[in-house]
Amino acid sequence: MIEKLLKGPLELVENNFKQPTGRAGRLIGHVMTKQHRTLTVWAIEHMEVRRSQRVLDIGCGGGMAAKLLAERATSGFVAGVDYSAEMVRQSVRRNVDGVAAGRMEFKQGDAGALPYEDASFDQVSAIETFYFWPDPMRGLGEAYRVLRPGGQVSVTLEMSREASPNPTVKQRYLGKRFTERSEREGLRILSGADLVEMLGKAGFRDARFVSEPTRSFGWVCALARK
Ligand SMILES: C[S@@+](CC[C@H](N)C(=O)[O-])C[C@H]1O[C@@H](n2cnc3c(N)ncnc32)[C@H](O)[C@@H]1O
């Protein structure tokens, strides 16, 4: 009964997590940015961003990761790309000083065709966006192209096959919904090992992953170098 009542609103939220659009996207984009803050902080801790680095966040959403990355790359440059015009607007608003100072920029664009030159970044991150890319290998290829040799990529997911084998009621519910949605829409639920394999196929080296099985439905962050 509750599931039936929640179905419509949940679908609206899920569709707007994939591509925030219009008035609903504006509101849900704000909620999403707040909801992902702890995951984002956790992901960035693993990136070890240095002060002078150039960093690109793909699927930047409301620009929270970019903001936190810019606090680390204080004499560097932070860019964000998202295919949602609404999210690019929210990112600019959240980082208005960095953008005005020319230390940050946000562009509307696709993970599969990044609007940047070869070897132009030291770090590329993708937080809670990878499942939505229609061609994830192409996206990883693009991350590889825009990284300088030795640069690092990181792919972070809130839901993965790293989830705890003893899930809580909430985790069981999240897992069921995500599985159903994956079957319906072809989203990929990946393990850390899957991500490591994909990174290797895209040409990256030293791929590894860290996970937090009890958070959400198994946080995972995979990292590798060009
Ligand atoms: C769930 S949200 C996560 C946003 C942000 N990274 C965060 O953690 O709050 C997914 C984001 O990825 C973006 N996105 C999905 N597929 C994309 C693609 N192929 N190219 C660029 N952006 C994409 C969506 O527009 C959305 O803003």
Side-chain angles (χ1 to χ4, degrees), residues 10-47 49 55-70 78-95 104-116 121 123-143 145-146 153-160 174 177-178 181-182 185-190 198 202 212 215-222:
L10 273 171
E11 273 175 17
L12 182 71
V13 171
E14 285 168 353
N15 290 340
N16 276 282
F17 268 46
K18 180 176 181 177
Q19 185 166 17
T21 312
R23 222 182 300 170
R26 195 173 316 153
L27 179 65
I28 291 168
H30 286 299
V31 174
M32 174 175 84
T33 304
K34 293 240 164 354
Q35 195 223 316
H36 290 161
R37 198 176 191 285
T38 44
L39 175 78
T40 302
V41 168
W42 179 76
I44 290 174
E45 270 166 19
H46 295 292
M47 291 171 63
V49 175
V55 187
L56 171 65
D57 186 43
I58 308 176
C60 62
M64 178 62 80
K67 185 178 170 62
L68 298 173
L69 288 164
V78 177
V81 168
D82 200 294
Y83 67 4
S84 156
E86 180 52 38
M87 288 298 95
V88 172
R89 269 195 293 276
Q90 288 189 18
S91 283
V92 170
R93 249 180 266 135
R94 177 161 279 108
N95 295 286
M104 300 178 80
E105 77 179 6
F106 296 93
K107 290 187 181 177
Q108 190 175 7
D110 196 290
L114 294 173
Y116 286 101
F121 290 98
Q123 299 260 2
V124 171
S125 57
I127 301 172
E128 194 50 8
T129 181
F130 191 63
Y131 349 81
F132 303 124
W133 300 357
D135 186 345
M137 287 310 298
R138 184 172 168 157
L140 290 183
E142 277 293 274
R145 181 184 66 75
V146 301
V153 66
S154 68
V155 177
T156 302
L157 300 174
E158 191 181 28
M159 299 201 178
S160 75
L174 284 175
R177 273 209 70 80
F178 196 56
R181 190 170 169 214
S182 304
E185 296 177 23
L187 297 184
R188 289 155 287 272
I189 317 180
L190 300 165
M198 291 170 91
E212 285 280 354
R215 303 300 301 260
S216 186
F217 200 69
W219 287 1
V220 65
C221 173

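First listed ligand is number 1; within each ligand, the first listed atom is number 1.
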- Message: If I apply the N/O under 3.5 Å rule, does Thr33 come out as touching ligand 1?
- Response: no
- Message: Below 3.5 Å, N or O to N or O, backbone or side chain included: is there any such pair between Tyr83 and ligand 1?
- Response: yes
- Decide side-chain contact (heavy atoms from CB on, under 4.5 Å) for Val78 and Asp57; before the verdict, give the C-alpha distance in whole Å, the side-chain angles of both, and the deciding distance to 0.1 Å. CA-CA 8 Å; Val78 177; Asp57 186 43; 5.7 Å; no
- Note on the structure: In ligand 1, the atoms that come under 4.0 Å of a heavy atom of Ser84 are 25 (O)
- Task: Write down the atom of Ser91, the atom of Gly61, and the distance for their closest heavy-atom approach.
- Result: OG-O, 2.7 Å
- re atom 20 (N) of ligand 1, the protein heavy-atom contact at minimum distance is Ala111 N, 2.9 Å
- Item | 4.5 Å side-chain heavy-atom contact, Met47 and Ser125 | yes
- Query: Which residue from Thr156, Leu39, Asp82 reaches closest to atom 11 (C) of ligand 1 through any of its heavy atoms?
  - Reply: Asp82
- Item | Sub-3.5 Å N/O-N/O distance, Gln19 and ligand 1 | no
- Message: Among all the protein's non-hydrogen atoms, which is closest to atom 10 (C) of ligand 1, and how far away is it?
- Response: Phe17 O, 3.2 Å
- Query: Considering distance alone, does some N or O of Val81 sit under 3.5 Å from an N or O of ligand 1?
  - Reply: no
- Can you tell me the protein heavy atom closest to atom 5 (C) of ligand 1 and the distance? Gly59 O, 3.4 Å
- Which of the ligand 1 atoms, numbered from 1, are nearer than 4.0 Å to a heavy atom of Gly109: 20 (N), 21 (C)
- Task: Check Glu128 against Met159 and note the closest heavy-atom contact, atom names and distance.
- Result: OE1-N, 4.3 Å
- Query: What's the shortest distance from atom 8 (O) of ligand 1 to any protein heavy atom, and which residue and atom give it?
  - Reply: His36 ND1, 3.0 Å
- Message: Just to confirm my output: which protein heavy-atom neighbour is closest to atom 19 (N) of ligand 1, and how far is it?
- Response: Asp110 OD1, 3.5 Å
- Item | Contact (N/O only, under 3.5 Å) between Thr129 and ligand 1 | yes
- Query: Does an N or O anywhere in Met87 fall below 3.5 Å from an N or O of ligand 1?
  - Reply: no
- Closest protein heavy atom (residue, atom, distance) for atom 24 (C) of ligand 1: Lys18 O, 3.1 Å
- Query: Do Arg94 and Phe106 have side-chain heavy atoms sitting under 4.5 Å apart?
  - Reply: no
- Contact check, Pro20 vs ligand 1, heavy-atom distance below 4.0 Å: yes
- Note on the structure: To the nearest 0.5 Å, atom CZ of Arg215 lies from atom OG1 of Thr38 at 5.0 Å
- Task: Report the C-alpha separation of Gln19 and Phe132 in whole Å, then their side-chain angles, then the decisive distance to 0.1 Å, and conclude whether the side-chain contact (heavy atoms from CB on, under 4.5 Å) test is met.
- Result: CA-CA 9 Å; Gln19 185 166 17; Phe132 303 124; over 6 Å; no
- Between Tyr116 and Glu105, which heavy-atom pair has the shortest distance, and what is it? OH-OE2, 2.6 Å
- Message: Quick check on Gly139 - does any of its heavy atoms sit under 4.0 Å from an atom of ligand 1?
- Response: no
- Query: Do the side chain of Asn95 and the main chain of Gly63 share a donor and acceptor less than 3.5 angstrom apart?
  - Reply: yes
- Where is the tightest heavy-atom contact between Leu157 and Phe130, given as atom of each residue plus distance? CD2-CB, 3.9 Å
- Query: Just wondering, are more than 12 heavy atoms of other shown residues or ligands nearer than 6.0 Å to CZ in Arg138?
  - Reply: no
- Message: So for ligand 1, is Ile127 a polar contact partner (N or O within less than 3.5 Å, distance only)?
- Response: yes
- Task: Check whether any heavy atom of Glu128 sits under 4.0 Å from an atom of ligand 1.
- Result: yes
- Which atoms form the tightest heavy-atom contact between Gly109 and Val81, and what is the distance? O-CG1, 3.4 Å
